[in-house]
Amino acid sequence: MHIKQFIAAGLALVILVNCTNQEPRTGATAQTDDHFAATAVLSDDSALHIPELEARMNKIRQSLAQPLPVLLLEQTDSNQAKAQRLVCADTRFKANLFDATGQPCRNEIFSIYAARPQEIPKGHQTASVYRVELYNYALNLTTIALADVTTGEVLGVNTYPQTQPDIPEFLKALALKIAVNAPDVIAALGYRPDEKDALMANTKTSLNRTRCERSMHLCVAPTFVKGDKALWAIVDLTDHRLVGIRWTHVGTTGPAPRISERNLRFEKIMTCNCKQQQSIDKDGWKMNYVLTSSDGLRISEVYYQGKPVINNAKLVDWHVSYSNTDGFGYSDAIGCPEFSQAAVVAVTQPQVSTLVVDGKTAGFVLEQTFKSEQWPRPCNYNYIQRYEFYTDGRFRIAAASLGRGCGNDGTYRPVTRICFAGTQNNFSEWNTNGWQPWTTEQWRLQDAQTRYTPEGYQYRIADAAGSGYYMTPGNGRFGDGGRGDNAYVYLTKLHPDKDEGETDLVTIGPCCNTDYHQGPEKFIEPNAENVQHSGLVIWYVAQLKNDDAKGREYCWAESYLENGVYKTRSFPCLSGPMFIPVSR
Amino acid sequence: MKKNIAYCLVAGLLLSCGSKMTDEEIASIGIKTCQAQPAYVRTAGLNPSRSALSTSEKKIMGLVLVEIPANPADMANRKTWQHPSWKAFGWMGPITTDDKGNAYTAPVPLINLLNNPTDKQNIVYKVSGNTGEMQVLADLPREAPVMPDNPYGILGLYYDCHAGKLYASSVAGSARDKERGVIYMLDPETGKIEDKLEGVDALGLCTGGVTGTKKLYYGSSRSPDIYAVELDKSGRFTGSPQKAYSLDMLGPRGDDKARRIRFDRNGDMLVSGVEFNFNLTAPTEKQETSYRFRYDEETKSWRNIMQ
């Protein structure tokens, strides 16, 4: 290789940041901050099985079964032990050990120490006042008590919501155990570190302070220095798991930026999925996908067995209205987590997984989650876009709400835009007289009078040769818990010279229209155009009524305590049409 | 060019580059307030002594005058008043008032852009203290074309009682990889731009003199850092921004941005911190944390005194 070619190849490596989660171990490429953001790993569902965690969980379970559900400090001297006993008998100190339903939260005493002079109330001896710090993991709440071990008094108790005390040594050790055993850390370092390795001269370990700003969990960041780089491993001590890892340069030009849950997550998504388009070539399907500013996860250039199927598809808006309050609701855009018009942002990378039907592999799924920070608390939202691609050529463009929203009287209306490939398409609707072509732009509501073919098809989109797809709207028969979409379907003409939603759309409609005025009608009225032998766009607006009735929950989510910390149970309402190839 | 330098030297000798300020005068900057009650409040049917302008009332778009109830338990049913022009320009954000009872505000989108088109996000509106009428004061220039990535324009407004000038921070045209924001100093009468500080994406603004120098303090909209830039007596920028303090690792989130900065009577800096990531997320429960910093004369630095 000539020297110039080598340099060019090196530059290309720098510019096209690698989003494969693997840090190159050799080579002399200049590693930019973008590169480190791209090679970061989000460990969303990692669960470690190590003896230390099993022992920890056993202790937690035992604690939760006690009348006083508190993990007590074990290594104490006699004064500390007395201070612990004193405060644990105090009703003020015990006020937040249980949640509102009476379930025990995970509570742990982090430290007990002789109070500093400025903390000691007047009239008490310096040496006899101890400060006890209690952390409630479920409520992210710190309780601090002062106890006089000489007089046996509890001098004061204060609570600090959304506050975390300094992390004790035994939890730091646990965090280190989680980090050194995490497969992502081992893969990034290129070897499995342990505590002994961590203390060797060529690999220094320190525990950096960090935050899990989104989950509001207790987090810390063991950091491994290797050469001129440092690997941050964010460990969640509430869920006992690795949140993610990211390399930084070891500071030569000032302190390195602090790595936290939010910036780790947002940087990775922005670098790999908002600034870069990704591709899939799988099960006969080929496509590109990218996260947009306000139209969710957009797929484009979709081919099946070499034949173009869809130019692009995306989710433009979520309209959410509440029937008990006239005109109350939200029109939410979904999209990139930063520098976007999204009201509900992507918090994970797009996930590709196997599509299993009746226990057999049937294709693959491309799925994206968008979530409000405080979900499932009231007035916070969680949306999913789900693209299903079957090996037999079928595909489904679906969307789900996982609640919880601002009430149990909500209706969700996701506005999906699907631009089909081809410029000579025709669109037909099934009725009692068979397939009836639509000659002009129009819309239709799926309701009780809607007619379907015996196979369940309502529409057909096909080219002049008859090649195309049938469309079955969500009708409660897809086996996914969906209850029917009651969908508005709009057909508009694709204009090569006029942008009617090909690029990112700003909010297309208000929250609370309950009729066909959901936005796409703007491209139909007042002069509906001829759509025969044209490039065509289908807009699909499902209408999903939420439900919080026990056993019938739909578009809903609720929190519950598990092992003393909050988990979420969700009840998605999946909507969206299935497209089935027209067999000629 | 030479002529300009000569003129400056002469002017400098005569005026000492914008007139000197006394120590007492500097120390009062940001602490001594000048805000006057607008005349229209007396005809609004609300108790003037308990009324305040707001842009964050749920379900009320634009600017609104709110009467704070004498009994806090009545907050849910508090009285409000709006001049018809106050809801004509979409959802609004920052508010500042001057010594004549005039108020200044600017649009900030809430959840979506339905009522706040991106090409109208860089306008400062002035509310007449006499009539209550809201009108355009200045349509600020855009440093780059409006991008779909950044739905924001003006994020901060502050009226400096000392110089009688209005500061407006705009992030219009800023992108994730390019900080293009500008802090403008405006004539509050005409809206004319008299000076500007470029390359700065700022949120909260406030002038202060507690360190012995007149400075404009601003919260970065990109990081938890608070910066200060020196000003002359007339309010013009004379230095380059220096980091004054940071909200990093403070508060429940640890990465708040300084939405509002003010000084109390003792010279403590009061900061309201919020989450801000250049998107349109808007939690119903407002996540805002108050911070307090005090200037340490010995170390010449600010320290957090909320712990």
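To find a chain, count down the sequence lines: A is the first, B the second, and so on, and within it residues start at 1. Because the structure is predicted, anything quoted here is derived from the model rather than measured.
- In this structure, no portion of A:S294 lies under 4.5 Å from any heavy atom of chain B.
- Between chain B and the options A:N263, A:T210, A:V506, A:D317, heavy-atom pairs under 4.5 Å are most frequent for A:T210.
- Although no hydrogens or angles enter the test, the distance criterion places a donor-acceptor pair under 3.5 Å between the side chain of B:N279 and the main chain of A:P337.
- Heavy atoms from other residues, nucleotides or ligands lying under 6.0 Å from CZ of B:R180 number more than 12.
- Environment of CG in A:D166: sparse, with no more than 12 heavy atoms of neighbouring residues, nucleotides or ligands closer than 6.0 Å.
- Scanning for salt bridge (charged side-chain N to carboxylate O under 4.0 Å, His left out) contacts around A:E119 gives A:R116, A:R131, with sequence neighbours left out.
- Looking only at side-chain heavy atoms (C-beta outward), A:V345 and B:T281 come within less than 4.5 Å of each other.
- No more than 12 heavy atoms of other residues, nucleotides or ligands shown are found within 6.0 angstrom of NZ on B:K178.
- The ring-ring contact (aromatic ring centres under 6.0 Å, His included) search around B:F278 returns A:F339, B:F276, not counting sequence neighbours.
- Proximity to chain B (any heavy atom under 4.5 Å) is shown, for A:P510, by both the backbone and the side chain.
- Closest heavy-atom contact between A:Q341 and B:P151: CG-CB, 4.0 Å.
- Heavy atoms closer than 4.5 Å to chain B are found in both the backbone and the side chain of A:S331.
- The contact between A:S340 and chain B is made by backbone and side chain atoms together, counting heavy-atom distances below 4.5 Å.
- Between A:R258 atom CZ and B:S223 atom OG the span is 11.0 Å, to the nearest 0.5 Å.
- In this structure, CG on B:D177 lies 5.5 Å from NZ on A:K275, to the nearest 0.5 angstrom.
- B:R176 has its side chain within reach of A:E267: a pair of non-hydrogen atoms, C-beta onward, lies under 4.5 Å apart.
- Interface remark: A:E261 contributes no atoms to any contact with chain B (heavy atom separation under 4.5 Å).
- Shown here for A:T507 and B:L113, the closest heavy-atom pair between the two residues is OG1-N, 3.6 Å.
- Both the backbone and the side chain of A:E338 come within less than 4.5 Å of a heavy atom in chain B.
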*asked:* Could you walk me through whether A:D332 and B:N112 satisfy the side-chain contact (heavy atoms from CB on, under 4.5 Å) test, starting with their C-alpha distance in whole Å, then the side-chain angles of each, then the deciding distance to 0.1 Å, before giving a yes or no?
replied: CA-CA 7 Å; A:D332 290 341; B:N112 58 54; over 6 Å; no
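- Annotation: side chain of A:E373 is in contact with side chain of B:E275 (closest heavy-atom distance under 4.5 Å).
- With a 4.5 Å cut-off on non-hydrogen atoms, A:R262 touches chain B through its side chain but not through its backbone.
- Heavy atoms closer than 4.5 Å to chain B are found in the side chain of A:F328, but not in its backbone.
- When B:N115, B:T289, B:L114, B:L110 are compared by the number of non-hydrogen pairs under 4.5 Å with chain A, B:L114 comes out ahead.
- Taken to the nearest 0.5 Å, the CG atom of B:D149 stands 10.0 Å off from the OG1 atom of A:T292.
- Salt-bridge annotation for A:R211 and B:D255: absent, with no side-chain N of the basic residue lying under 4.0 Å from a carboxylate O of the acidic one.
- Environment of CD in B:E298: sparse, with no more than 12 heavy atoms of neighbouring residues, nucleotides or ligands closer than 6.0 Å.
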